[in-house]
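Before any comments, here is the structure.
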Amino acid sequence: MSSANLPPEYIKAEEQFRKAASPAEKLEALEEMLAVIPKHKGTEKIQVQIKKRITKWKDQTESQKKGGAKRTDPSHVPREGGAQVVLIGPVNTGKSAILSALTNSSPQVAEYPFTTRIPQPGMMFHNDIPVQMVDSPAFDPSVTERWISSLIRNADMAVMVLDVSRDDLLEQLEASQIILDDLRIELLGPDGIKLFTDDGWAKIPCIYLGNKCESENIDERLSILRELIEDLPEINLVSAEVGTGLEDFKRLIVESLGLIRVYSKRPGKEPDMTSPFVLKEGSTVSELARMVHKDIGEKLRFAKVWGETVFDGQRVSHDYELLDGDVVELHA
Ligand SMILES: Nc1nc2c(ncn2[C@@H]2O[C@H](COP(=O)(O)OP(=O)(O)OP(=O)(O)O)[C@@H](O)[C@H]2O)c(=O)[nH]1
Ligand SMILES: [Mg+2]
């Protein structure tokens, strides 16, 4: 595969690797390259090369830390599920409580500040669609480390958690904005398209949450905020403690990410409707085939689809765009 076929974010990370001044920066760029490289047969060799280089630079960074304990890169959370979503925001807003309420994970939730020190993932389900949620340490000028930038850049979406029970909402937003600017991250609306610009900025779709919404005077606080900030993003009210708004929030995530469920079946057999393959809207039969098995991806001849916009068992070609709920029989 020539570099012309690699996405711009990969080219960008490769350039960062070349420019990197320290082993730690080299490592960070390589990890970004590995995170963003499209995962298919054509890039397998490059992926192996990157992994080897990561091992080499990890050794270098370890040996630089004189006698220091071995540390793994905290920014790298292995992706699982249909998408990776990172919870970010000021201290004590309830990021960990939200992770705990939505997923199988049990992070530490506490009154004192800076409870969360390293990212912690958990799996959330909406309509059988698994989405990986990653909790992260609070934004703070003296605490936030550079690797938070990679953590956010690697995610498909960010969720900014604010505490609407406090009177300092404006400060929560402004302080977060300063940190994000420093990390060169711009938050887009929930339907925004993630992209990396030539001058090193990452633009990431984001949902804003107003947590602790069971508290008093919420409407008043929000209307003051609306007067102060003209283009205030929509703040979705939730309560991790009481459970308010969490179902709507899950649906918003899955819809904003454009995730769909597709079921694979074998000829003559019934499909397993309990474990869908999760893809992005607009994905094709070829992409599904590669996801099911790399051999099937390579040898796919045609597929038959059962779904709302096709007649039962309609024969379709490689570039048929799948829809939520389609059942697909792959013929290799
Ligand atoms: N009233 C109320 N309290 C909440 C809610 N969610 C979280 N809390 C409380 O807020 C405090 C902070 O919660 P955490 O989940 O630890 O907040 P965090 O944002 O992860 O905090 P750091 O990791 O320290 O940044 C705890 O005392 C929680 O019990 C909520 O929906 N309502
Ligand atoms: Mg926390």
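Since the model is a prediction, treat every value here as computed from it, not as a measurement. All ligand and atom numbering here is 1-based and tracks the order in the structure.
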Original post:
Would you call Lys12-Glu9 a salt bridge at under 4.0 Å N-O?
Top reply: no

Original post:
Under 4.0 Å between a Lys/Arg side-chain N and an Asp/Glu carboxylate O for Asp168 and Arg221?
Top reply: no

**OP:** Measure from NZ or CZ of Lys203 to the centre of the six-membered ring of Phe196 and say whether it is under 6.0 Å with the direction within 45° of the ring axis.
**Re:** no

Subject >> Short side-chain donor-acceptor distance under 3.5 Å, Ser150 and Glu31 >> reply: no

Determine all donor-acceptor pairs shorter than 3.5 Å in which one atom belongs to a side chain in residues 302-318; sequence neighbours excluded.
| residue | atom | partner | partner atom | Å |
| --- | --- | --- | --- | --- |
| Gln314 | OE1 | Phe311 | N | 3.0 |
| Ser317 | OG | Asp319 | OD1 | 2.8 |
| His318 | NE2 | Leu300 | O | 3.0 |

Original post:
Is the shortest distance from a Lys or Arg side-chain nitrogen in Glu15 or Arg18 to a carboxylate oxygen in the other one below 4.0 Å?
Top reply: no

Original post:
So which protein residues pack against ligand 1 under 4.0 Å, heavy atoms counted?
Top reply: Val91, Asn92, Thr93, Gly94, Lys95, Ser96, Ala97, Val109, Ala110, Glu111, Tyr112, Pro113, Phe114, Thr115, Thr116, Ala138, Asn211, Lys212, Glu214, Ser239, Ala240, Glu241

Original post:
Could Arg184 and Asp199 be called an ion pair, given the rule that one side-chain N must be under 4.0 Å from one carboxylate O?
Top reply: no

Can I get a per-line list of side-chain donor-acceptor pairs under 3.5 Å for residues 323-332, giving both atom names and the distance, sequence neighbours left out?
| residue | atom | partner | partner atom | Å |
| --- | --- | --- | --- | --- |
| Asp324 | OD1 | Arg261 | N | 2.8 |
| Asp324 | OD1 | Arg261 | NE | 3.1 |
| Asp324 | OD2 | Arg261 | NH2 | 2.8 |
| Asp326 | OD2 | Tyr320 | OH | 3.2 |
| Asp326 | OD2 | Leu323 | N | 2.9 |
| Glu329 | OE1 | Lys265 | NZ | 2.7 |
| Glu329 | OE2 | His331 | NE2 | 2.8 |

Subject >> Enclosure of Lys299 NZ (heavy-atom neighbours >12, cutoff 6.0 Å) >> reply: no

Original post:
Counting no waters, what protein N/O/S atoms lie under 2.8 Å from the Mg ion (ligand 2)?
Top reply: Ser96 OG, Thr116 OG1

